[in-house]
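Heavy atoms only: backbone and side chains are in, while hydrogens, waters and symmetry mates are out. Labels below follow one simple rule: chain letters A, B, ... track the order of the sequence lines, proteins then strands, and each chain is numbered from 1.
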Number of protein chains: 2
Amino acid sequence: MNGSTKDKLAWTAAKLFQERGYDGVGLSDILKSARVPKGSLYHHFRQGKSDLALAAAQFASREMLRIIDDAFLPAKTYKDGMTTLFFKCAKLFDLMGKWNGCPVSGILLNGAYNPMFRETSEHIFDSWIERVTAHATRLGLSENDAKERATHLFVVLQGGWDLARARQNSDELRRLPKLLSEGL
Amino acid sequence: MNGSTKDKLAWTAAKLFQERGYDGVGLSDILKSARVPKGSLYHHFRQGKSDLALAAAQFASREMLRIIDDAFLPAKTYKDGMTTLFFKCAKLFDLMGKWNGCPVSGILLNGAYNPMFRETSEHIFDSWIERVTAHATRLGLSENDAKERATHLFVVLQGGWDLARARQNSDELRRLPKLLSEGL
DNA sequence: ACATCTCTAGACCGATTGGTCTAGTCCTGT
DNA sequence: ACAGGACTAGACCAATCGGTCTAGAGATGT
């Protein structure tokens, strides 16, 4: 099968980059963990590590979009969907061993100064915000309100994730929906 | 002077780690940039790179505490101080070339899995929250309210900084005080 | 003047890095 | 059966990594 080895590489790379960042993971780590020889990596990803990182980020991004949909599709209100999303992320954080960073910032914002990495991470973040905005309008919010709230959601999720990581504790992540729904 | 070379190393390391993360910066980069030979580094920091990173993080942390005080000491209300802090951070972000990450997460959460790094970053974050909490109580908030708001402040600041970094634009950072003062 | 201590200076080390290259395996179409 | 492309396999490479070590410069106390 074509996709299998390539996907396994991207998936493994995503997992490791989230743990230790782009520069913190060597190709040998990825290859050992995925049990794939170096030749295969350079067959599927001609530019090597940087190509692999972009693919890994897209992989992680698609998973996040799936989580967003899972949270918002059954929701009756924006507040419900948003709260569910935070709880899902807190659970994911715990499952991942409480060490992982945000799927994309760990891969792309991290590590070497690389313009294409930065642009890709910008697009990915925007795609998440856009998806939440779409759910928000579907649930009755005005377009401007939806966009603002979606942006705030990711600001708070990102910051909450970092704090959870530093504390090795996802509790704060679960408390944050209150901030976003009630304000203070 | 004793402190001079040592401080120059810590300061240079802090700057570079914020740009490219712990694993993204080699000792040779730091030594070249600080114009200090390797022998001096290992004289002042016996454990080498990890020691240097801890010192650099403390350096960055002290600067952040100073910025917090600068924002809150002249403030008449918590809202004023908080807003000033965000604007100061936005300005700092622009001055730093719009690439740098959060001073501490770039250094400590990043890179190799290292328990002492994680603990140090937790303590540093907590010291920031504590400082803001102290300012908040001084400005009339109840103790519980102060602590909650201070925590939210850093969650939002952290997330906003990441978004600004991805977008290479500090505007969102300047819009966030509204979220924290008015809620939504 | 000399000994002593702090600090600078950089050559050097083994290990690991990302990347290249060739040989061989496997699958597919004819 | 066999030709040809897709893919695997890993030896090999120069460069760089973090870290060690020795030699000497500079300041200080006696």
Side-chain angles (χ1 to χ4, degrees), chain A residues 1-57 59 106-108 110-117 120, chain B residues 1-57 59 106-108 110-117 120:
Chain A
M1 185 58 196
N2 176 10
S4 182
T5 298
K6 191 172 182 176
D7 282 1
K8 183 158 56 168
L9 277 169
W11 191 86
T12 307
K15 210 183 49 160
L16 292 175
F17 286 150
Q18 282 170 47
E19 282 176 14
R20 279 175 277 151
Y22 181 77
D23 292 302
V25 179
L27 288 186
S28 60
D29 295 322
I30 299 168
L31 297 171
K32 205 185 303 168
S33 181
R35 265 175 298 202
V36 160
K38 192 171 274 195
S40 300
L41 194 160
Y42 279 88
H43 173 76
H44 293 293
F45 303 97
R46 294 204 190 173
Q47 307 293 342
K49 197 184 183 185
S50 57
D51 256 18
L52 179 57
L54 292 175
F59 221 90
I107 295 171
L108 293 178
N110 195 335
Y113 177 86
N114 180 331
M116 198 193 295
F117 279 17
T120 303
Chain B
M1 184 59 194
N2 175 11
S4 183
T5 299
K6 190 171 182 176
D7 281 1
K8 184 158 57 169
L9 277 169
W11 191 85
T12 307
K15 210 182 50 162
L16 292 175
F17 285 150
Q18 281 170 49
E19 282 175 16
R20 280 175 273 150
Y22 181 78
D23 292 302
V25 180
L27 288 186
S28 60
D29 296 322
I30 299 168
L31 296 172
K32 205 186 302 169
S33 180
R35 265 176 297 204
V36 159
K38 192 171 273 195
S40 300
L41 194 160
Y42 279 87
H43 174 76
H44 294 293
F45 303 98
R46 294 202 190 175
Q47 306 294 340
K49 198 184 184 185
S50 57
D51 256 18
L52 180 58
L54 293 175
F59 222 90
I107 295 172
L108 293 179
N110 194 334
Y113 178 87
N114 180 332
M116 199 194 293
F117 279 18
T120 303

Q: Report yes if the side chains of B:L31 and B:T12 come closer than 4.5 Å at any heavy-atom pair, otherwise no.
A: no
Q: Is there a side-chain contact between A:R20 and B:D23 in this structure, where contact means two heavy atoms from C-beta onward sitting under 4.5 Å apart?
A: no
Q: Do A:F117 and A:I107 make a side-chain contact, defined as non-hydrogen atoms from C-beta onward lying under 4.5 Å apart?
A: no
Q: Are OP1 or OP2 of D:dA9 and a side-chain N or O of A:H43 less than 4.0 angstrom apart?
A: no
Q: So, is A:H44 near the phosphate of D:dA6, with a side-chain N or O under 4.0 Å from OP1 or OP2?
A: no
Q: Between N or O atoms, less than 3.5 Å apart, protein on one side and nucleotides 17-21 of chain C on the other: list the pairs.
A:
unit_1	atom_1	unit_2	atom_2	d
C:dT17	OP2	A:S28	OG	2.8
C:dG18	OP1	A:V25	O	3.3
C:dG18	OP1	A:K49	NZ	2.6
C:dG18	OP2	A:L27	N	2.5
C:dG19	OP2	A:Y42	OH	2.8
C:dG19	OP2	A:K49	N	3.1
C:dG19	O5'	A:Y42	OH	3.2
C:dG19	N7	A:K38	NZ	3.0
C:dG19	O6	A:K38	NZ	2.3

Q: Is there a side-chain contact between A:T5 and the phosphate of D:dT8, meaning an N or O under 4.0 Å from OP1 or OP2?
A: yes
Q: Are the side chains of A:F17 and A:L108 in contact, using a 4.5 Å heavy-atom criterion?
A: no
Q: Examine distances only and state if a side-chain atom of A:K38 and a backbone atom of A:L27 form a donor-acceptor pair shorter than 3.5 Å.
A: no
Q: Expressed as a whole number of angstroms, how long is the span from A:K6:NZ to D:dT8:P?
A: 11 Å
Q: Ignoring hydrogens and geometry, is there a side-chain-to-backbone donor-acceptor pair from A:K8 to A:R35 under 3.5 Å?
A: no
Q: How long is the line joining CG of A:L9 and P of D:dT8, in whole Å?
A: 8 Å
Q: Over how many whole Å does the gap from A:L41 atom CG to D:dA6 atom C1' extend?
A: 16 Å
